[in-house]
Amino acid sequence: MRIDVRGSLSSGQAFLWEEDGGMWHVINGQDVLRIRGDGRTASHLGGRPDFFRRRDDMARILGSISRDRDVARAVRLSPGLRVLDQDPFQCLVTFIISANSNMPRIRSCLSRISARMGGRAEVGGREYRTFPTPARLARASPRDIAACGAGYRSPYVAAAARMVERGELDLARLRRAGYAEARAALLAVPGVGSKVADCVMLFSLCKLEAFPIDRWMARILGGRFGLGRGSLTPRQYGEAHGRLAAHFGPYAGYAQQFLFKAAGDARGASW
DNA sequence: CCAAGGCCTGAATG
DNA sequence: ACATTCAGGCCTT
């Protein structure tokens, strides 16, 4: 199945990207990815990032998660949707900032952080600002970060950058760790709760069983899984996550992404 | 562990 | 025009 580049980029996983003459340019950490319409990806840094997780066995994954009727329908609606494999530090900062916010503001805040603190990269005759390194962001004060529009999340972002810079949070190692270990390590970061941890794990740490339950997902699955309307307490989140992981299986994160995309499309979301 | 309240900020609503 | 409300939660009491 052909990868749906636009749909995947605009499904709430990534925010620093733009379409440019039939191509997409994505800021992924210190890298700038040039993505063609068919999903073929070139790295400015010269590595071989698997941004669209092409190594995943999609037939197996779709077969597994499509045992659920709602997921099967969502897959039929957006068969080219993919879970992205993003730069972990950028992803961590992104979802700390996402708390109690909305997509346009998340994007504008991240854009300013890159514009003011990111490196420069010339790609296709245009200059891009990449995402700041942990070291660079660790040097920034909460005021600097607040000036980018992060609001009360600013000290969390500063603290997270310092933890990564000092090696107290080893994101590269967590990519190879199990779900429980990665989750525990992330929850030790200020500004990171269950939901943000699941986002970081699914979108940048290869934990395909992670199933972020945000306000949207709570509404989408509310009746079926007894999630109720209000916000989930940590205990409720844990119990719900257990039920969802058991129901959707080892690729529950993919299921979540298809459900989220379908619900967003249904209400005519403009992102 | 649970509940309630507060929180930057800005677009959308009344 | 001006005041609430609400938004992909989390932290503190």
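Protein chains get the first letters and strands the later ones, always in sequence-line order, with residue 1 at the start of each.
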note: N102(A), atom CG; dT5(C), atom P; distance rounded to Å ~ 18 Å

ring-ring contact (aromatic ring centres under 6.0 Å, His included) filter on F95(A), not counting sequence neighbours, yields F203(A)

When rounded to whole Å, the CG to P distance for the pair L227(A) and dG8(C) reads 17 Å

Residue set satisfying ring-ring contact (aromatic ring centres under 6.0 Å, His included) with H44(A), at least two apart, ordered chain then number -> none

Rounded distance in Å between the P positions of dC6(C) and dG6(B)
15 Å

ask   = If you draw the axis of the six-membered ring of Y128(A), does the NZ or CZ of R126(A) fall within 45° of it and under 6.0 Å from the ring centre?
value = yes

Across all chains, not counting sequence neighbours, the salt bridge (Lys or Arg N to Asp or Glu O under 4.0 Å) partners of D20(A) are none

For nucleotides dA4(B) and dG8(C), find the distance between their P atoms and express it as a whole number of Å. 23 Å

Under 3.5 Å, which N/O atoms of the protein pair with N/O atoms of nucleotides 9-13 of chain C?
from, atom 1, to, atom 2, distance (Å)
dG9(C), OP1, R215(A), NH1, 3.3
dG9(C), OP2, R215(A), NH1, 2.8
dG9(C), O5', N100(A), N, 3.4
dG9(C), N2, Y152(A), OH, 2.6
dC10(C), OP1, G193(A), N, 2.7
dC10(C), OP1, G193(A), O, 3.3
dC10(C), OP1, V196(A), N, 3.0
dC11(C), OP1, G191(A), N, 3.0

inquiry  = Between dA1(C) and dT9(B), how many Å separate the two P atoms, rounded to a whole number?
reply    = 23 Å

With sequence neighbours left out, the residues meeting salt bridge (Lys or Arg N to Asp or Glu O under 4.0 Å) with D144(A) are none

Salt bridge (charged side-chain N to carboxylate O under 4.0 Å, His left out) pairs touching residues 181-206 of chain A, sequence neighbours excluded, are R173(A)-E181(A)

With rounding to whole Å, what would you report as the distance between dC10(C) and dA11(B) at their C1' atoms? 23 Å

For A138(A), the side chain to side chain contact (heavy atoms under 4.5 Å, CB included) test, sequence neighbours excluded, returns A161(A), R162(A), E165(A)

Output yes when D170(A) and R176(A) qualify as a salt bridge under the 4.0 Å nitrogen-oxygen rule, no when they do not.
-> no

Residues passing the ring-ring contact (aromatic ring centres under 6.0 Å, His included) test with F15(A), sequence neighbours excluded, are none

Those residues at least two apart in sequence (or on a different chain) that pass ring-ring contact (aromatic ring centres under 6.0 Å, His included) with F258(A) are none

When rounded to the nearest Å, what value does the distance between P atoms of dG10(B) and dC11(C) take?
23 Å

Chain A reaches DNA chain B, atoms under 4.0 Å from its heavy atoms, from dC1(B) to dG10(B)

Those residues at least two apart in sequence (or on a different chain) that pass salt bridge (Lys or Arg N to Asp or Glu O under 4.0 Å) with K207(A) are none

Here the helical stems involving DNA chain C, each at least 3 consecutive Watson-Crick or G-U pairs closer than 3.5 Å, sorted by first residue number, are B:3-7 with C:9-13, B:9-14 with C:2-7

